[in-house]
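Single-structure report; data block below.
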2 protein chains.
Amino acid sequence: MTEFSLPPIQTTARDDAVLKALAGFVMQEALRPGQRLPTERILAERLKVSRNTVREALTRWEGLGLVERRQGSGTYLKAAVSPDMLHMPLTLAGGNDFTGLMRTLEIRRALEAEAAALCAIRAGKAEIAEIERKLDIMEEAFHSRAGMSAEEDWEFHQAVYRASGNPLFEQIIAAMHELFHRFWEHPLGVRDFGHASFPFHRTIYERIAAHDPDGARAEALKLIATVEDDLKRGAANLKLSDLK
Amino acid sequence: MTEFSLPPIQTTARDDAVLKALAGFVMQEALRPGQRLPTERILAERLKVSRNTVREALTRWEGLGLVERRQGSGTYLKAAVSPDMLHMPLTLAGGNDFTGLMRTLEIRRALEAEAAALCAIRAGKAEIAEIERKLDIMEEAFHSRAGMSAEEDWEFHQAVYRASGNPLFEQIIAAMHELFHRFWEHPLGVRDFGHASFPFHRTIYERIAAHDPDGARAEALKLIATVEDDLKRGAANLKLSDLK
DNA sequence: GTGGTTCAATGGTCCAACCAATTTCTGCAT
DNA sequence: ATGCAGAAATTGGTTGGACCATTGAACCAC
């Protein structure tokens, strides 16, 4: 590890100050995800702070997924960090899968519709072409693999979010999507999950290409509605089979 | 603090085990948000684990917003906790500029409208009464303090999110709100920021009380639109004064 | 009662070890 | 030289004990 400057911490609110200093250090050294950051012991020494305090600070970053600790090896950067990050810890009380999924879908309904509308307003020729490309890939996969096109489906939606001009849409919906998938691994008995949503991908694309925000929003809402229906059907099936 | 049972921890992955045990304890004792949980020293003793380990575990929960620590007082539950929670920490970069704020507003527009609509559908008598109470408090503060009612304003909105039946709304918008406030502290030259949004609080409430989702959504959109206007005016002012 | 003061409880920080996993180095056998 | 097993160093994980800073309640003088 090369030479580096880390000015000592001054006042109270230590661990916050530690994170701030560390964030500044990461920027200064232009550390990228995957790289190792200084030892806890070294950080403690340079920051004139106890190792315990350093650990609590790093524990916070670890909890946020910014950093990964490997015993015996070191602490590694896991995502880009900047001094002005906003942390949004979302906690979903699991328990009953169905209501949890429905809640993520409610968020997704709101954001998906808005993103589609913004996309219809802002997307340029290049973005529209990219969306169409993803759409073609998805439709191809759908037909050749009898409806198993979850991956390509997701890429289509991501292209829409990106073209909305607001990266927050993609980040937040991606979080919802991941949450969704933790259950989805074992689908809930509905084999053709997502089939009903298929035709709306093209209608959404058409409304976007026509720069028709209200139309795009309406089609996006229809798509989410089909997913909600599938989910409800799955929940009903589950309840029946739970009777054993 | 009454008698309670906390079996000792066994294997490695201590702090995770601590959290699991703690979650179980919270359930068993039916602790609700706002209540105090055992002191770190007691937890360490009962779980047969060092106090430092307990602290790291609690630090994680604190980072997730599940718990709040008050030096000299204790550690308090801040949200419902169940043994099977899903955590989705989301960190958003940047946002300390005009475009960043506008982006958070786009998210908020989508969610605020949906939350208001869902609230109009689902809110029961008790929830509606609570919203009205917050509204009265806000209007009172607004008139007696010449429009300085940001705190009460925010509480009104939170009441709406809670009544939407989906805690994710409150969690996500709260994060947006915090980001927003990093600017708001030193306002952008617009002294009467938020004035224009005032009347829409009551109209939103009326539409909710009338169980009129579409009306509530429409009023929520109007409210956000006024905030966007304020923001644009502020940005314009800022640009002028930046010329020096 | 009112307004300080004292004091115990509690979270925050520090220190100095030791444990456990990992990586690196060393030296011997091939 | 090469390769590999074992020792040593590195690094995060845990422990126990100490002290500081803040809070809140009990107490006391007025």
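Because the structure is predicted, anything quoted here is derived from the model rather than measured. Chain letters run A, B, ... following the sequence lines, proteins first and then strands; every chain starts at 1.
- Here B:Glu62 pairs with A:Arg60, B:Val67, B:Arg69 under the side-chain contact (heavy atoms from CB on, under 4.5 Å) rule; sequence neighbours left out.
- Identified under the salt bridge (Lys or Arg N to Asp or Glu O under 4.0 Å) test for residues 71-80 of chain A, with sequence neighbours left out: none.
- Defined by atom type and a distance below 3.5 Å, a donor-acceptor pair is present between the side-chain atoms of A:Tyr161 and A:Glu112.
- The ring-ring contact (aromatic ring centres under 6.0 Å, His included) check on B:His201 picks up B:Phe156, B:His157, with sequence neighbours excluded.
- Following rounding to the nearest Å, A:Ile42 (CD1) and D:dT11 (P) show an atom-to-atom distance of 6 Å.
- Distance, B:Leu43 CG to C:dG12 P: 13 Å, rounded to whole Å.
- When rounded to the nearest whole Å, the span between CD of B:Glu68 and P of D:dT22 equals 17 Å.
- The side-chain hydrogen bond (donor to acceptor under 3.5 Å, both in side chains) test applied to B:Arg109 returns A:Glu114, B:Glu228, not counting sequence neighbours.
- In this structure, A:Thr53 has no side-chain hydrogen bond (donor to acceptor under 3.5 Å, both in side chains) partners at least two apart in sequence or on a different chain.
- Distance from the side chain of A:Gln71 is smallest for C:dA20 among the nucleotides C:dA20, C:dG12, C:dC14.
- Distance CZ (B:Arg69) to P (D:dA21): 19 Å, rounded to an integer number of Å.
- Atoms CD (B:Glu40) and P (D:dT23) sit 16 Å apart, rounded to a whole Å.
- Residue B:Ser50 places at least one side-chain N or O closer than 4.0 Å to OP1 or OP2 of D:dT15.
- Straight-line distance from the CD atom of B:Glu45 to the C1' atom of D:dT15: 15 Å, rounded to whole Å.
- In this structure, B:Leu37 atom CG and C:dT10 atom P are separated by 12 Å, rounded to whole Å.
- For B:Tyr76 and B:Gln35, the side-chain atoms include no donor-acceptor pair closer than 3.5 Å.
- Among C:dG11, C:dA21, D:dT23, the nucleotide with an atom closest to any side-chain atom of B:Ser73 is D:dT23.
- Between the CZ atom of A:Arg36 and the P atom of C:dT22 there is a distance of 14 Å, given to the nearest Å.
- Side-chain atoms of A:Arg41 and base atoms of D:dG12 include a donor and an acceptor less than 3.5 Å apart.
- At a non-hydrogen distance threshold of 4.0 Å, A:Arg51, A:Arg55 from residues 51-60 of chain A come into contact with DNA chain D.
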